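Data first, discussion second: the structure below is written as structure tokens.
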Protein chains: 2
Amino acid sequence: MSADPSARRGIPDATVARLPEYLRALTGLAERGITSVSSEELASAAGVRSAKLRKDLSHLGSYGVRGVGYEVDHLAYQISRELGLTQDWPVAIIGMGNLGHALAAYSGFATRGFRVVALLDQDAGLLGQEIAGITVQPMTVLDELVAEQGLAIGVIATPAASAQEVCDALVAAGVRSILNFAPCVLVVPDDVDVRKVDLSTELQILAFHEQRKALAAEGALGAVALEPVKPELNRVVGR
Amino acid sequence: MSADPSARRGIPDATVARLPEYLRALTGLAERGITSVSSEELASAAGVRSAKLRKDLSHLGSYGVRGVGYEVDHLAYQISRELGLTQDWPVAIIGMGNLGHALAAYSGFATRGFRVVALLDQDAGLLGQEIAGITVQPMTVLDELVAEQGLAIGVIATPAASAQEVCDALVAAGVRSILNFAPCVLVVPDDVDVRKVDLSTELQILAFHEQRKALAAEGALGAVALEPVKPELNRVVGR
DNA sequence: ACGCTTTTGTGAACGGATGCACAAAGTCAC
DNA sequence: GTGACTTTGTGCATCCGTTCACAAAAGCGT
Ligand SMILES: NC(=O)c1ccc[n+]([C@@H]2O[C@H](COP(=O)([O-])OP(=O)(O)OC[C@H]3O[C@@H](n4cnc5c(N)ncnc54)[C@H](O)[C@@H]3O)[C@@H](O)[C@H]2O)c1
Ligand SMILES: NC(=O)c1ccc[n+]([C@@H]2O[C@H](COP(=O)([O-])OP(=O)(O)OC[C@H]3O[C@@H](n4cnc5c(N)ncnc54)[C@H](O)[C@@H]3O)[C@@H](O)[C@H]2O)c1
């Protein structure tokens with residue numbers, strides 16, 4: 001049992017998911033030359049309530065000053081450290097189709113603690129081609145990437161039909177964190193984390209709410225609105 | 001108060017978020033010629049526990065048959081209806097850069113109840129150009145799109161600096177559902193839904209867990225593991 | 001030095017989501 | 001027709017996350 005006050009492990013998943021947004025908000029403030037910020041201001045910049053922000057930050061330690069607020073640089077550093085962004089994580093993108101091309105060209109990786117170390121594809125016609133300054137390689141280099149570059153994160157941008165196969169290859173090579181853009185469920189061992197980004201799902205959730213709004217408007221024409229309007233600030237469909 | 005048994009409004013957000021995955025699993029089963037499925041099998045295909053699946057489905061009505069399971073086609077139809085996918089939703093993509101190009105070329109829209117009716121950009125150099133068979137138009141056509149095509153959903157694929165401006169234009173034109181790919185918080189009126197897809201956030205969450213795994217492995221070398229291994233099937237980082 | 005103001009950090013109440021376990025409801029073999 | 005078997009739908013307990021509200025802590029002005 002360590003007595004270190006910051007050694008509190010077990011940050012809730014919901015909090016971890018919001019830390020990147022706080023970090024982004026802090027970066028924006030720092031760029032505007034702001035050095036100190038209250039929980040109210042930062043929460044507003046990040047699109048959450050101040051109580052939630054404070055509780056989230058309390059899980060990392062006590063970095064605020066009562067009556068004043070948080071020092072922007074220091075808090076940004078603490079969040080970066082907690083997220084493991086004080087080092088650069090090597091990332092490989094697999095599947096250089098439409099989406100893979102866009103991802104490879106995306107500058108948002110480098111600015112946020114990630115480094116694209118490889119672009120992989122199965123298509124012989126793509127191999128050797130250069131995309132965004134990186135040569136496309138075959139899947140066989142995976143073991144080497146893990147051993148020599150410390151590859152830790154794989155991004156799957158292949159069609160759904162190939163995704164599980166690619167996933168298995170990543171896991172076999174030792175990659176334990178996977179970001180999946182293919183619309184399918186991946187089966188992985190317990191120690192591997194998978195996160196999914198799914199455009200269709202997001203659109204379908206929007207469609208559900210859109211339909212509800214359309215029906216509500218229709219209903220309101222002939223009768224009193226079935227549901228009272230909920231006054232709510234800055235409504236965003238919760239996840 | 002209608003007595004219609006299917007008129008149960010107020011499906012939990014968490015359930016709505018999973019319906020698209022169930023629908024996809026059902027579509028896959030139907031393609032393989034399977035006509036009937038149990039909650040256990042469908043749950044496994046969708047990557048959830050069967051009890052959760054059954055509770056989710058119970059919110060839409062009672063479409064299963066005890067002792068047998070669910071009829072694939074019928075359940076798929078019911079979920080589609082609930083999500084509002086029995087009609088095609090017109091979608092506009094704003095910002096035809098790297099990401100916008102990939103999205104425009106993406107076939108996943110049409111197969112899932114969406115129709116790209118317009119591609120918009122501010123850049124005069126792109127206007128009039130054809131991408132995936134659709135001509136790029138200026139932002140000024142927004143009002144027309146809403147009035148004549150019934151545009152309901154806008155996809156923002158511009159840089160973060162322009163996103164709020166584009167969002168305001170969409171809202172002013174009457175669009176009330178927005179999918180945002182730019183890494184920033186959008187401020188909208190209460191009746192507008194915004195969902196965000198954020199690559200960096202997802203990677204940063206993976207980095208957090210990756211770091212924990214690295215630290216745990218390190219700690220295990222010199223001492224007994226600090227945390228007991230949790231046996232958990234098919235672990236996916238929860239959201 | 002001291003009291004006033006501001007803002008944090010957190011205990012406690014609340015609400016929603018998850019997982020368990022089983023009665024009810026249906027099928028199917030005979 | 002009947003009984004054994006399968007699988008759904010759901011009540012209940014539990015867990016996790018959010019929100020409220022305030023005492024404690026720090027700065028600041030006088
Ligand atoms: N394009 C988009 O905007 C978009 C949006 C959301 C989701 N997606 C999803 O992302 C994935 C990729 O989409 P895309 O439009 O880029 O597809 P694509 O067909 O243009 O590209 C797929 C690439 O993957 C490669 N590939 C196929 N099997 C492989 C294997 N086993 N190993 C290595 N490489 C392999 C192919 O050679 C091809 O280059 C799909 O699952 C799609 O559903 C795409
Ligand atoms: N490229 C990727 O893989 C990727 C991944 C994740 C997130 N994103 C995000 O998606 C967004 C777009 O990325 P990108 O790489 O395609 O950028 P990009 O710079 O290639 O393209 C942006 C496009 O938006 C247009 N635009 C700018 N301001 C506009 C305005 N006010 N109205 C209409 N159009 C406008 C520009 O003309 C340009 O064509 C960015 O916010 C980026 O952070 C991109």
Side-chain angles (χ1 to χ4, degrees), chain A residues 5-6 8-19 21-22 34-72 74-75 78 205 230-239, chain B residues 5-6 8-19 21-22 26 34-72 74-75 78-79 205 230-239:
Chain A
S6 78
R8 234 157 330 206
R9 289 303 98 175
I11 299 178
D13 280 349
T15 294
V16 173
R18 284 186 292 268
L19 291 181
E21 194 61 57
Y22 300 155
I34 296 167
T35 59
S36 177
V37 69
S38 72
S39 65
E40 203 67 54
E41 294 164 327
L42 182 54
S44 154
V48 300
R49 296 288 188 163
S50 64
K52 196 191 266 188
L53 172 77
R54 287 200 301 276
K55 180 143 288 193
D56 282 342
L57 294 184
S58 77
H59 288 114
L60 334 184
S62 203
Y63 299 124
V65 178
R66 288 166 196 240
V68 176
Y70 302 87
E71 206 216 320
V72 172
H74 186 235
L75 184 55
Q78 293 298 342
I205 295 169
K230 306 184 216 171
E232 209 171 317
L233 278 173
N234 189 12
R235 167 129 180 86
V236 170
V237 181
R239 35 172 64 193
Chain B
S6 79
R8 235 158 328 204
R9 289 301 101 177
I11 298 177
D13 280 349
T15 294
V16 173
R18 283 186 293 267
L19 291 180
E21 193 62 55
Y22 301 155
L26 286 167
I34 296 168
T35 59
S36 177
V37 69
S38 72
S39 64
E40 203 66 55
E41 295 164 327
L42 182 55
S44 154
V48 301
R49 296 286 187 167
S50 64
K52 196 191 266 187
L53 171 76
R54 287 199 301 276
K55 183 148 290 191
D56 281 343
L57 294 184
S58 76
H59 288 113
L60 333 183
S62 202
Y63 299 123
V65 179
R66 289 167 195 239
V68 177
Y70 302 88
E71 206 218 318
V72 172
H74 185 234
L75 184 56
Q78 293 299 341
I79 294 179
I205 295 170
K230 305 185 216 170
E232 210 171 319
L233 279 172
N234 189 10
R235 166 126 182 87
V236 170
V237 182
R239 34 173 63 191

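Since the structure is predicted, the reported quantities are computational estimates derived from the model, not experimental observations. Just so we're on the same page: letters track the sequence lines, and every chain starts at 1. The figures that follow rest on heavy atoms only: side chains count, while hydrogens, waters and symmetry mates do not.
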**Request:** Round to a whole Å and report the spacing from CG of D13(B) to C1' of dT18(C).
**Result:** 16 Å
**Message:** To check you understand the geometry: which heavy-atom pair defines the closest contact between L42(A) and V37(A), and what is its length?
**Reply:** N-CG2, 3.7 Å
**Message:** Could you tell me if the side chain of L53(A) sits less than 4.5 Å from the side chain of Y22(A), heavy atoms only?
**Reply:** yes
**Asked** Whole-Å distance between dC22(C) C1' and K55(B) NZ?
**Response** 13 Å
**Asked** dT7(D) base to R66(B) side chain: any donor-acceptor pair below 3.5 Å?
**Response** no
**5' priority, DNA chain D, between V37(B) and A51(A) [closest heavy atom]** = V37(B)
**Prompt:** Ignoring hydrogens and angles, are the base of dG19(C) and the side chain of R49(B) linked by a donor-acceptor pair under 3.5 Å?
**Reply:** no
**Asked** Is there a side-chain polar atom (N or O) of S62(A) under 4.0 Å from OP1 or OP2 of dG9(C)?
**Response** yes
**Request:** Would you kindly give the CZ-to-P distance between R18(A) and dG17(D), to the nearest whole Å?
**Result:** 9 Å
**Asked** Separation of L60(A) atom CG from dT10(C) atom C1', in whole Å?
**Response** 15 Å
**Message:** Nearest whole Å is fine: how far is dG9(C) P from K52(A) NZ?
**Reply:** 18 Å
**Fill in**
Rounded to whole Å, the CG-P distance (L19(B) to dA17(C)) equals 13 Å
**Message:** I want to confirm an ordering. Mapping T15(B) and V68(A) to their closest nucleotides on DNA chain C, which one lands closer to the 5' end?
**Reply:** V68(A)
**Asked** Is a donor on one side and an acceptor on the other found under 3.5 Å between the side chain of E21(A) and the backbone of R18(A)?
**Response** no
**Asked** Of all the choices, dT27(C), dG9(C), dG9(D), which nucleotide is nearest to the side chain of Y70(B) once you look at every atom?
**Response** dG9(D)
**Message:** On the nucleotide dT7(C), are OP1 or OP2 found under 4.0 Å from the side-chain N or O atoms that S39(A) carries?
**Reply:** no
**Complete:** L42(A) CG to dG9(C) P, in whole Å, measures 12 Å
**Fill in**
note: D56(A), atom CG; dT18(D), atom P; distance rounded to Å ~ 7 Å
**Minimum side-chain heavy-atom gap V72(B)-L26(B) below 4.5 Å** = yes
**Request:** Decide yes or no for R54(A) and Y70(A): does some side-chain heavy atom of the first lie under 4.5 Å from some side-chain heavy atom of the second?
**Result:** yes
